[in-house]
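Below is one structure, written out as structure tokens; comments come after it.
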Amino acid sequence: MKNDRNYRGIYIFNVETIEEAKALVATDPAIKANLLEAELTPWYCTAALQETVKIHDKIAKTKM
């Protein structure tokens, strides 16, 4: 969808530091080719977020 910053996607990493996230982002082929650039923002959330992938089919109202 359109947005002011022309965002194209999102990563959520379970890391301790921005430096760890930068190292992971640097492996992306689109980042390497300078097609996209990353904006990294520290964010803290519940550890349960990691479990949503496992339970998504049980809690989703509709299948995508």
Validation: residues 10-17 side-chain donor-acceptor distances under 3.5 Å, sequence neighbours left out:
unit_1	atom_1	unit_2	atom_2	d
Y11	OH	D28	OD2	2.2
N14	ND2	Q50	OE1	3.1
T17	OG1	E20	N	3.1
T17	OG1	E20	OE2	3.3

K58 meets the side chain to side chain donor-acceptor pair (under 3.5 Å) criterion, sequence neighbours left out, with none
dist L40:CG -> E19:CD (nearest 0.5 Å) comes out at 9.5 Å
Looking only at heavy atoms, the pair that brings V25 and A38 closest together is CG1-CB, 3.4 Å
